[in-house]
Amino acid sequence: MSHRMAKVLALSALLSSIAIAVPIREAHAGFYGCICDVYVYSKGRWMNRYWGLECNNHGGHGVCSTNVDSAHGSGCGAMTGTISLISGTPPYVDDSGSLGCPDDHYTCFRGPSACDSGGSWGNVCNCDTLHSQSYNTTGEWYFGDLNDSAEVLQAFGDDFFSYGQCGSGSVIQVQEAIQEHDPVCCDDPMGTLIATTPTANGDSTVEIGTSTRNCNGGSQSGVSPNCGTFGATIKIRKICGTYYFN
Amino acid sequence: MSVKRIAGIVMLLGLVGAVVFLLREQRTPAGGLSPAATPWQGPTEAPLLVAAPSSMRPRVVAARPEGERPSGARLVAGVATTADPLAVEARFDTSTPVARPADDRFKPLAMPRAALEDSIPLRERQLAEARREEVVASVTQRAASLGIAVPVEALTDLLYQAARLELRADRCRLAQPAAECAPLQNEQHAVEERFQALAGRSIDEFRTGQPKRETPSFEGGDAAP
């Protein structure tokens, strides 16, 4: 083999290697991602009458199963909690964030009652049959169920990421863990409201009715069938776009 | 060295290079980014782009709608601030495979100032009215349920301090710029650290009785169509 021929052979080998590598690289180099801005709203919140929160320092009194000792109970309380936002393709979590609600009688689970400076719930200790009343729906110790229709803009999620194109299986999930907050200690968890919506290119809004219940019969709620139940409509506005990452 | 051998080595190197490149481009199964992934540079508002994937920059496949996109700025407590480019980079830190911390990107759109203001006198009253013996009873119960065997009085003292500081910090934030409240925040951190050292849990975990989930997960629930 001549010297020149060998050079040509080497060069063609190099070029063929590149020719093989480039198309393969093109097929595997990048990936799609779905990025969303998310606005989370709460409205149509409701709570049934079988809650014993804010009663006598919340301590083991068989709430709503028998009766409750109202000593030092206020008959009115505001809820706090944590709002979480998760994106990805279940079970894979690609992005997440959480927000501890301030004790402002507004952000996490605003109520309709006027007691406790407003935004609170007057039925949280209504199992106290000595104090409960049925004539003032916005006052403390109210005996019945309550609901609050006001729409509350709770949070904004900036650029939440999911692998894959929007609409190809990825979702956005809102989790709202609601609890009653004590001034010193200790909080009573009520339950977690969960709303899930698929990602989609563009600007879209969904409203999801969600509820949960607590039948622990201890410091928070009654036992079945008098379970403490609460819920809300969680509204999610998502502004999403599919991006290609190299 | 013969020319044939040189040609063989060149061909081999080309193939090895191609294999190494492909291995680096693989996506990690847990949802993280591969080390070779290009950090996101921020979306361009260009219209639909269907060019062949030869560019090394990310591009829009389906453009976001006009309007609410907070391009270049983000809202913090109702005040527009310039986006921190480092924060954008950090979101795509390749060393963090799953569930990047994102608290700074998830927040109330605007602090409900009036609501917070209204709640403070009530919270102060509740704190003043809280009977210590009842709080101690609650703390005892919570410590037992969490398997914490430390003096309950000490825990209670720290919880009282934390509650008072929380109120003072909220008052401070309402009255003056956040920077002015830094000393209070330092005090809060100090109390938090003392509690953590004593109880082995954060104050928040103790109050709620729930361990903080380091890795969030999807839960069943109500889904939209």
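In what follows, chains carry the letters A, B, and so on, assigned in the order in which the sequence lines appear, proteins first and then strands, with residues in each chain numbered from 1. Worth saying up front: this structure is predicted, and the values here are computed from it rather than measured.
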Part of A:Pro90 lying under 4.5 Å from any heavy atom of chain B: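 For A:Pro90, backbone and side chain are both near chain B.
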Side chain, backbone, both or neither of A:Ser87 within contact of chain B (heavy atoms, under 4.5 Å):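 Looking at A:Ser87, just its backbone touches chain B.
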Side-chain (A:Gln173) to main-chain (B:Glu219) donor-acceptor, under 3.5 angstrom: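 Yes; judged by distance alone, with no hydrogens or angles, the pair exists.
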N/O donor-acceptor pair under 3.5 Å between B:Gln141 side chain and A:Cys186 backbone: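 Not at all, since once roles are kept as given, no pair shorter than 3.5 Å links the two residues.
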Winner by heavy-atom pair count (cut-off under 4.5 Å) against chain B, out of A:Gly100, A:Ser120, A:Gly88: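 The candidate making the most pairs under 4.5 Å is A:Gly88.
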Could you tell me which non-hydrogen atom of [X] sits nearest to which non-hydrogen atom of [Y], and how far apart they are?
X        : Y        : value
A:Cys185 : B:Ser138 : O-CB, 3.9 Å
B:Arg142 : A:Asp187 : NH2-O, 3.0 Å
A:Ile86  : B:Pro216 : CD1-CB, 3.8 Å

From OG (A:Ser96) to CZ (B:Phe218), nearest 0.5 Å: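 CZ of B:Phe218 is found 9.0 Å from OG of A:Ser96.
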